[in-house]
Amino acid sequence: MKTFLLLGLTLLLNISAFAAGTIEGEVERQPLNVSAIIMFLLFVIGTLGITYWAASRTKTAKDFYTAGGGITGFQNGLAIAGDYMSAASFLGISGLVYLAGYDGLIYSIGFLVGWPIILFLISERLRNLGRYTFADVAAYRLKQKPIRILAAFGSIVTVILYLIAQMVGSGKLIELLFGLPYEWAIILVGALMIMYVTFGGMLATTWVQIIKAILLLSGATFMALAVLSYFEFSLELLFAKAVEVHDKGESIMSPGGLVSDPISAISLGVALMFGTAGLPHILMRFFTVADAKEARKSVFFATGFIGYFYILTFIIGFGAIVMVLNNPQYLDIAKQAIEGGSPILGGKNMAAIHLSHAVGGNFFLGFISAVAFATILAVVSGLTLAGASAISHDLYANVFNKGGVDEAKEMRVSKIATVALGIVAIILGIVFEKQNIAFVVGLAFAIAASANFPVLFLSMFWSKLTTRGAVIGGSLGLATAVLLVIFGPIVWVQILGNEEAIFPYKYPALFSVTVSFIGIWFFSITDKSDTASKEIAAFEAQNIRAQTGLGAEGASVH
């Protein structure tokens with residue numbers, strides 16, 4: 001363990017030194033920011049220390065997957081917020097507000113409204129019925145093999161798609177802020193991600209996420225307060241000035257610019273709302289607390305932190321309109337933003353970074369740059385752990401070995417899966433560098449909403465759900481989401497170069513979620529087999545355990 005951490009620090013220092021030497025290369029990057037480099041190194045060294053500490057306390061599968069169930073509701077709520085508040089949230093939403101004004105709120109609200117569903121409907125039952133992954137819950141009274149294969153496939157696909165977006169974003173961010181070549185930036189993120197998860201498991205991942213959440217909330221709070229103080233803490237003055245300087249004028253205070261038709265608006269809302277409740281790395285966090293009461297507390301605190309954060313991004317976005325658009329120093333970036341900018345981290349999505357320099361100089365720019373990097377590391381660590389858990393716990397332990405594998409082997413497979421996912425993420429991050437991956441996060445949410453959430457939700461609340469219905473309906477939802485994205489405007493027209501999209505909407509969730517629920521319902525009520533009868537009869541016992549935490553320990557009826 002010590003050897004690996006020393007190698008990690010050596011790699012980090014060498015890459016950082018190399019970064020300083022590549023500032024003057026062919027790619028135009030930000031000037032060398034010593035504050036950013038120092039804070040970046042401090043964060044990584046600190047988190048590697050946490051990983052070393054966590055490794056000595058990670059002995060069993062329960063420790064590795066769920067930090068031994070010893071995380072408090074407040075800590076878990078902060079960690080969930082850290083896991084959920086990605087670079088896309090921080091840079092992307094503030095950038096959307098910067099680009100389109102009021103319309104950027106639709107993403108904030110969409111991301112946020114998924115949390116009451118988790119709070120009031122599934123957090124308690126999830127904690128009482130599951131152990132390590134949400135597949136434990138879905139397979140509680142259904143056939144283990146087909147349900148776990150479907151759940152694991154949905155988890156792995158969601159994780160890989162999300163990882164692509166995060167890795168490409170991290171590469172571009174580090175390239176721009178630290179001067180590091182894109183490929184080396186991707187390798188650095190992948191190597192750190194592998195070390196956090198392989199050695200520290202959920203305990204290290206949790207504390208990386210907690211630290212990241214504290215840093216991000218602190219930095220965003222300072223930025224928002226600096227903007228408000230500039231306008232005497234008057235939102236009216238801020239909005240008036242934004243309307244005055246923005247090329248779109250008063251239209252930035254009106255909805256309808258980003259999502260112009262009702263179908264797209266509803267479909268986007270469905271993806272963000274139900275997708276949140278189906279993200280495997282978020283659902284996995286509810287197994288890190290001791291009981292259902294702490295699970296509810298987790299969601300309560302997480303909702304508060306995330307809601308507060310999205311309010312800040314709204315203020316930051318409008319502040320950037322005034323303090324970046326109206327500043328000659330940032331005219332080029334402003335022009336890129338109004339024209340749409342890069343789908344990853346150019347143009348509009350750099351608004352928050354430039355605002356940090358406008359309100360706090362080089363030192364605060366360095367802090368925010370390091371926080372943005374910490375944000376990506378925390379998210380990719382949670383994603384990797386969720387993907388590795390699906391491979392080791394759902395597939396290896398419960399499908400291939402039918403629950404007959406010891407913990408040591410399962411943990412070994414999970415660590416191997418972590419390394420494999422890390423390598424895949426590095427390769428895909430490099431492959432997708434020049435691609436428009438704007439559709440990837442949307443597809444990840446659509447799959448989570450269409451395949452993961454309906455099966456999980458109905459397995460907990462609908463007595464007539466059968467294995468046949470869950471597998472066929474969930475598979476139909478997943479296939480529909482993928483096909484509609486391929487045939488939609490982003491992939492079919494923008495990427496593949498066709499003149500007109502076969503499916504006219506960017507967001508498929510309204511249709512794919514509907515297909516999933518209808519498919520699950522139809523193929524369940526038409527299932528008259530003896531197996532279906534046993535699964536329906538087992539619902540009452542499952543319901544008792546879901547509500548009280550008492551009863552048989554998650555054994556399938558099969």
Side-chain angles (χ1 to χ4, degrees), residues 1 4 8 47 51 54-55 57-69 79 83 130-139 148-167 189-209 278-288 376-401 403 405-429 444 447-448 452:
M1 177 62 194
F4 277 103
T47 51
T51 303
R57 289 161 175 77
T58 301
K59 305 297 184 185
T60 66
K62 186 175 182 181
D63 294 333
F64 185 80
Y65 291 128
T66 65
D83 204 357
R131 292 180 65 201
Y132 302 145
T133 67
F134 82 89
D136 292 334
V137 180
R148 286 191 183 274
I149 289 174
L150 174 66
F153 187 74
S155 295
I156 293 167
V157 172
T158 302
V159 163
I160 289 176
L161 289 170
Y162 224 129
L163 274 176
I164 289 173
Q166 294 295 324
M167 294 298 284
V189 172
L192 290 171
M193 171 182 78
I194 290 171
M195 281 192 284
Y196 291 154
V197 178
T198 303
F199 297 112
M202 180 58 86
L203 186 59
T205 300
T206 296
W207 282 101
V208 169
Q209 290 164 345
L279 292 174
H281 62 297
I282 298 297
L283 296 173
M284 191 176 180
R285 292 227 52 91
F286 292 101
F287 305 122
T288 65
I376 290 170
L377 271 182
V379 174
V380 296
S381 298
L383 285 166
T384 305
L385 183 56
S389 302
I391 294 170
S392 61
H393 179 65
D394 294 327
L395 295 180
Y396 176 75
N398 286 289
V399 173
F400 301 136
N401 289 282
V405 63
D406 62 57
E407 285 193 350
K409 285 185 178 179
E410 185 175 334
M411 285 180 64
R412 187 158 58 248
V413 170
S414 187
K415 292 180 179 183
I416 293 171
T418 298
V419 175
L421 279 172
I423 294 172
V424 169
I426 290 170
I427 293 171
L428 291 176
I447 289 174
N452 300 349

**Prompt:** Would you call Val399 and Asp394 a side-chain contact if the rule is heavy atoms closer than 4.5 Å?
**Reply:** no
**Prompt:** Going by heavy atoms in the side chains, are Leu161 and Ile447 under 4.5 Å from each other?
**Reply:** yes
**Item:** Distance (rounded to the nearest 0.5 Å) between Ile391 CD1 and Thr418 OG1
**Value:** 8.0 Å
**Asked** With a 3.5 Å cut-off and no angle check, do the side chains of Tyr396 and Ser414 form a donor-acceptor pair?
**Response** no
**Request:** Answer yes or no: is there a side-chain heavy-atom contact under 4.5 Å between Leu385 and Phe64?
**Result:** yes
**Message:** Distance alone, cut at 3.5 Å: any donor-acceptor contact between the side chains of Tyr132 and Glu410?
**Reply:** no
**Prompt:** Do you know which two heavy atoms are closest between Thr66 and Arg131, and how far apart they sit?
**Reply:** CG2-O, 3.5 Å
**Prompt:** Can you tell me how far the CG atom of Leu421 sits from the CG atom of Leu428, to the nearest 0.5 Å?
**Reply:** 10.0 Å
**Message:** Are Thr198 and Val419 packed together at the side-chain level, in the sense that at least one heavy-atom pair is separated by less than 4.5 angstrom?
**Reply:** yes
**Message:** As an exercise, state the distance from CE of Met284 to OG of Ser155, rounded to the nearest 0.5 Å.
**Reply:** 10.0 Å
**Message:** Rounded at 0.5 Å granularity, tell me how far CE in Met193 sits from CG in Leu377.
**Reply:** 9.0 Å
**Message:** side chain to side chain contact (heavy atoms under 4.5 Å, CB included) for Ile282 and Asp83? Distances and angles first, verdict last.
**Reply:** CA-CA 7 Å; Ile282 298 297; Asp83 204 357; 4.2 Å; yes
**Item:** Under the side chain to side chain donor-acceptor pair (under 3.5 Å) test, residues paired with His281 that sit two or more places apart
**Value:** none
**Message:** If you compare all heavy atoms of Ala448 against all heavy atoms of Leu279, which two are closest, and at what distance to 0.1 Å?
**Reply:** CB-CD2, 4.0 Å
**Asked** Side chains of Asn398 and His393: does their closest heavy-atom pair fall under 4.5 Å?
**Response** yes
**Item:** Residue pair Thr384, Leu163: steps toward the side chain to side chain contact (heavy atoms under 4.5 Å, CB included) verdict
**Value:** CA-CA 8 Å; Thr384 305; Leu163 274 176; 4.2 Å; yes
**Beyond-backbone contact of Thr133 with Pro280, side-chain heavy atoms, under 4.5 angstrom** = no
**Prompt:** Does Asn452 reach the main-chain N or O of Gly278 with its side chain, forming a donor-acceptor pair under 3.5 Å?
**Reply:** yes
**Asked** Does any non-hydrogen side-chain atom of Thr288 lie less than 4.5 Å from one of Tyr65?
**Response** no
**Complete:** Across all chains, not counting sequence neighbours, the side chain to side chain contact (heavy atoms under 4.5 Å, CB included) partners of Ile426 are Met167, Ile186, Ile187, Ile430
**Request:** Determine whether Leu395 and Ile156 make a side-chain contact, defined as any pair of heavy atoms from C-beta on separated by less than 4.5 Å.
**Result:** yes
**Flag for Thr206-Arg285: side-chain donor and acceptor within less than 3.5 Å** = yes
**Message:** How long is the straight-line distance from CE of Met411 back to NZ of Lys59, given to the nearest 0.5 Å?
**Reply:** 9.0 Å
**Complete:** Value for CG (Asp136) from CG (Leu283), rounded to nearest 0.5 Å, stands at 11.5 Å
**Prompt:** Closest heavy-atom contact between Ala390 and Ala152?
**Reply:** O-CB, 4.0 Å
**Asked** Are Tyr196 and Thr205 linked by a side-chain donor-acceptor pair shorter than 3.5 Å?
**Response** no
